[in-house]
Amino acid sequence: MATFLLVHGAWHSGRSWDRVVPLLESAGHRVLAPSLTGYGDKAHLLGPEIRLGTHLDDIAGLIENERLDDVVLVGHSYSGMVISGVAHRVPQRIARLVFLDAMVPDDGESAVDVLPVTKELIDAAVDGWRVPPMPEQPPPLGLFGVTDPEDVAWLRSMLSDHPVRCLSEPVRLTNPAARTIPRTHIHCVGARPEGITRRPVPPGERVRELATGHDCMITTPVELAGLLIEEA
């Protein structure tokens, strides 16, 4: 039995994993899918003071408080930044990092460094700190790669604005022990909006692919769960 800790991306909440969690649990695994501060059941805490470090505290604190070990730590999209930072805080607790169509930073980089188009979102922030969700586009792009009308409506129900400091604050990756944690990259190879780029994966790290859009946990939960179980 593995322990999966699923970390949602920007604008989303822990509910985004609702279709994946029961599939992993039915295979005998323990699964946690919390909402980061400012989202889901913590949406009332959204404010300009929320930063990347807040979300590192959320996940590292959960691992410590729940005394989790041998964690398969999965970060979607923006939360590639989060799981990278958490791995350098508690490397002894992590069995594998899974970057799910995610940002993959180097030490001292922010989300803007990893994905320069993010700067445009910051420049358009409401009240100087609130970044609204990406707009829906015509198929096949849809809303974060989701095109089914019912799925789009469900996805919209969980979206919140994203604080600027989460995108502008650099992550510190200075713990040598974290560099020994195995890493898997799951790439969603469906349609991608203009300006969304992906860095080359370093040699020796696993790469898997899903033929779907960005929010694969909504569009292809069975396939995603299968890949995660294989990586456990």
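- Remark: the Y78 side chain and the H162 side chain contain no N/O donor-acceptor pair separated by less than 3.5 Å.
- Without hydrogens or angle criteria, E109 side chain to D106 main chain gives a donor-acceptor distance under 3.5 Å.
- For the pair R199 and E205, the salt-bridge criterion is not met [side-chain N within less than 4.0 Å of a carboxylate O].
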Residues 137-147, side-chain donor-acceptor partners within the protein, below 3.5 Å, at least two apart:
none

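- Side-chain contact between W154 and D18 is present, with heavy atoms from C-beta onward closer than 4.5 Å.
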Given R198 and D101, is the salt bridge (charged side-chain N to carboxylate O under 4.0 Å, His left out) satisfied, shown in steps? CA-CA 9 Å; R198 181 178 292 131; D101 219 35; 2.6 Å; yes
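- Donor-acceptor pairing under 3.5 Å is lacking for the side chains of T37 and T54.
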For H12 and Y39, run ring pair (Phe, Tyr, Trp, His ring centres under 6.0 Å): C-alpha distance rounded to whole Å, both residues' side-chain angles, the deciding distance at 0.1 Å, then the answer. CA-CA 7 Å; H12 293 56; Y39 307 97; 8.7 Å; no
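- Residue V201 shares its hydrophobic cluster (ILVMFWY side chains chained together at separations under 4.5 Å) with V207.
- Judged by distance alone, the side chains of R15 and S157 do bring a donor and an acceptor atom under 3.5 Å apart.
- Note on R93 versus E64: salt bridge recorded, some NZ/NE/NH1/NH2 to OD/OE distance being below 4.0 Å.
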Step by step, work out the side chain to side chain contact (heavy atoms under 4.5 Å, CB included) result for L68 and L32. CA-CA 10 Å; L68 304 180; L32 298 90; 4.2 Å; yes
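- Aromatic ring centres of H76 and F99: separated by at least 6.0 Å.
- When all heavy atoms of A60 and R89 are compared, the pair lying nearest together is CB-CD, 4.1 Å.
- Ion pairing between a basic and an acidic side chain is recognised when a charged N comes within 4.0 Å of a carboxylate O; D151 and R19 show such pairing.
- Remark: E150 CD is loosely packed, at most 12 non-hydrogen atoms of other residues, nucleotides or ligands lying under 6.0 Å away.
- Checked by atom type, the side-chain pair S110/D113 shows a donor-acceptor distance below 3.5 Å.
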Worked check of side chain to side chain donor-acceptor pair (under 3.5 Å) between T174 and H88: CA-CA 7 Å; T174 57; H88 281 256; 5.4 Å; no
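- Heavy atoms from other residues, nucleotides or ligands lying under 6.0 Å from CD of E120 number 12 at most.
- Residues E231 and R183 have side chains not in contact (no heavy-atom distance under 4.5 Å, counting atoms from C-beta outward).
- Side-chain atoms of W11 and S160, non-hydrogen and from C-beta on, never get closer than 4.5 Å to each other.
- Looking at I59 and L36, their side chains come closer than 4.5 Å, going by heavy atoms from C-beta outward.
- With 3.5 Å as the limit, one finds no donor-acceptor pair spanning the side chains of H8 and S35.
- With a 6.0 Å radius and a threshold of 12 heavy atoms from other residues, nucleotides or ligands, K119 has its NZ atom at or below the threshold.
- No side-chain donor from either of R208 and T184 sits under 3.5 Å from a side-chain acceptor of the other.
- L227 has its side chain within reach of L210: a pair of non-hydrogen atoms, C-beta onward, lies under 4.5 Å apart.
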